Amino acid sequence: MTKARIAIVGDIHHQWDNTDHTALHGLGVDLVLFVGDYGNEAVDIVRQISQLDLPKAAIMGNHDAWYSVTAKGKARCPYDRTQEDWVQAQLDLLGNCHVGYGGQDFPDLGLSVVGARPFSWGGAKWKYSKFCKARLGVHSFAESAKRIVGAIAAATCESILIIGHNGPAGLGDRPDDLCGKDWGENPEGDYGDPDLAIAIAQAQAAGKSIPLVTFGHMHHRLKSGQPRRTQQQVGQTLYFNAACVPRMGTIDGEPVRHFGLVTLVNGQVEQASQAWVNPQGQIMSETAGPNSSAQIPDRQSEQIR
């Protein structure tokens, strides 16, 4: 029997320190998956993550290119973009751990981890085409899907885990669905990634086993303050949203941090939960199931998506 205990780290937004390393060791996990948004091109945070001495895989989020892409970010960029490149600096620090459009095999666990499109902003509109062309070499959802399918085909283990910053299209269009839109004048609609949905469908049609697809981006707490669904089982695949933001808080005065926890046995998901963990790696609060956002009241204010 092959058993793997996996920690999933949702949108960090600058909330990470060496205590997280201690907590992960205390949890006794075999693999750590990071789904992006470490901060606004937060090189220092990514450097700390790169030093985590556990098996890991990571992907980049939209905030990880914030100063290089968005008009608001460019206007507030804290460095000279003609002299420095913080986007590339993050990628260099992560090295082979970054699996966007690629993957890593973990044969001892019987698992391969494949990355979806990095730097995803979500939704059915192809955004920031100049950035995608220059940085990723893709021009459309179709080209992006082809890259993901290629990475899945290259995986050597029978069970394939997919990580993305945003989840796939097709998981619902209600505001509280895993990738549901919850902002604007009409707060509803499917904001999942079409390219990831295409790639998953093609891989499954080819007989690939994908027990877990995990992502972040769509925060557990909606703009309305209501909770978001965080898990959804579709056939043999569990879709798991780990974006609890902010991910640090306290329970009874003790500092805690959020991790998604998934246990796989023989390549299939046995258990999945949202957990609040103290610095020693003890679980202080844990919930499972489709509404397991594990919200606690004494947290810092919500940050932007």
Side-chain angles (χ1 to χ4, degrees), residues 11 34-38 40-41 46 57-75 77 81-82 84-92 94-104 112-155 160-171 173 178-179 181 184 189-206 208 210 213-218 239 305:
D11 298 29
F34 294 88
V35 299
D37 271 10
Y38 308 105
N40 292 340
E41 299 188 22
V46 174
I59 198 165
M60 308 301 282
N62 58 306
H63 277 266
D64 303 318
W66 192 256
Y67 296 128
S68 301
V69 176
T70 67
K72 184 184 295 185
K74 289 178 179 179
C77 186
R81 293 174 54 250
T82 66
E84 298 181 82
D85 186 345
W86 287 10
V87 173
Q88 188 60 48
Q90 294 172 95
L91 293 170
D92 291 342
L94 291 174
N96 292 335
C97 292
H98 180 254
V99 295
Y101 288 148
Q104 282 195 82
S112 293
V113 178
V114 169
R117 170 169 42 102
F119 304 105
S120 171
W121 272 261
K125 181 180 178 181
W126 184 254
K127 298 180 180 179
Y128 305 111
S129 57
K130 184 176 180 181
F131 175 87
C132 290
K133 179 180 179 180
R135 295 278 186 168
L136 306 176
V138 294
H139 304 76
S140 66
F141 287 127
E143 289 186 6
S144 179
K146 186 176 181 180
R147 291 280 299 276
I148 302 169
V149 169
I152 293 172
I160 299 170
L161 313 185
I162 296 179
I163 64 171
H165 178 55
N166 191 40
L171 298 179
D173 58 6
L178 273 70
C179 299
K181 177 177 175 289
D190 186 344
Y191 212 68
D193 285 345
D195 48 343
L196 181 52
I198 293 169
I200 292 170
Q202 290 185 10
Q204 290 174 332
K208 298 293 185 180
I210 305 175
V213 177
T214 188
F215 49 89
H217 189 51
M218 309 301 280
Y239 295 87
R305 285 176 173 77

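Keep in mind that this is a model prediction, so the values were computed, not measured.
When all heavy atoms are compared, the tightest approach of C179 to F215 is SG-CE1, 3.7 Å. Taking every heavy atom of both residues into account, A124 and F141 meet most closely at O-CE1, 3.3 Å. Closest approach of A197 to A169, counting heavy atoms only: CB-O, 3.4 Å. Here the closest non-hydrogen pair linking V99 and A57 is CG1-CB, 4.1 Å. The two atoms that bring A145 and I198 nearest to each other are CB-CG2, 3.8 Å, heavy atoms only.
Using a 4.5 Å cut-off on side-chain heavy atoms (C-beta onward), V114 and I163 make no contact. Two residues are said to be in side-chain contact when any heavy atoms from C-beta on lie closer than 4.5 Å; L94 and F34 fail this criterion. With contacts defined as side-chain heavy-atom distances shorter than 4.5 Å, the pair V87/R135 qualifies. Y38 places a side-chain heavy atom less than 4.5 Å from the side chain of M60. The closest side-chain heavy-atom distance from Y101 to S144 is below 4.5 Å. For the pair W126 and C132, the minimum side-chain heavy-atom distance is below 4.5 Å.
Distance OG/S120 to CG/D64: 11.5 Å, rounded to 0.5 Å. Here NE2 of H98 is found 11.5 Å from CG of D92. Values are rounded to the nearest 0.5 Å. Atom CZ of residue R117 and atom CG of residue L196 lie 8.5 Å apart, to the nearest 0.5 angstrom. Separating the OG atom in S68 from the CZ atom in F119 is a distance of 8.5 Å, to the nearest 0.5 Å.
Proximity of a side-chain donor or acceptor of H165 to a complementary backbone N or O of V35 within less than 3.5 Å is detected. Remark: the backbone N or O of L136 is paired with a side-chain donor or acceptor of R147 at under 3.5 angstrom. Side-chain atoms of E41 do not come within 3.5 Å of backbone N or O of H63 as any donor-acceptor pair.
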Taking it one step at a time, do T70 and Y128 satisfy side chain to side chain contact (heavy atoms under 4.5 Å, CB included)?
CA-CA 8 Å; T70 67; Y128 305 111; 3.8 Å; yes
Kindly indicate, with the supporting measurements, whether the criterion side chain to side chain donor-acceptor pair (under 3.5 Å) is fulfilled by T214 and Y239.
CA-CA 6 Å; T214 188; Y239 295 87; over 6 Å; no
Run the numbers on R81 and K74 for side chain to side chain contact (heavy atoms under 4.5 Å, CB included), then give the verdict.
CA-CA 9 Å; R81 293 174 54 250; K74 289 178 179 179; 4.2 Å; yes
Kindly indicate, with the supporting measurements, whether the criterion side chain to side chain donor-acceptor pair (under 3.5 Å) is fulfilled by D37 and H217.
CA-CA 8 Å; D37 271 10; H217 189 51; 4.5 Å; no
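A side chain to side chain contact (heavy atoms under 4.5 Å, CB included) with M218 is found for exactly one of L171, N166, D11, namely N166. Applying the side chain to side chain contact (heavy atoms under 4.5 Å, CB included) test between I200 and each of D195, V213, I152 identifies V213 as the sole match.
Counting only N and O atoms by type, the side chains of Q104 and S112 include no donor and acceptor under 3.5 Å apart. Looking at W86 and Q88, their side chains never bring a donor and an acceptor atom within 3.5 Å of each other.
For K127, the NZ atom sits in a packed shell: over 12 heavy atoms of surrounding residues, nucleotides or ligands are nearer than 6.0 Å.
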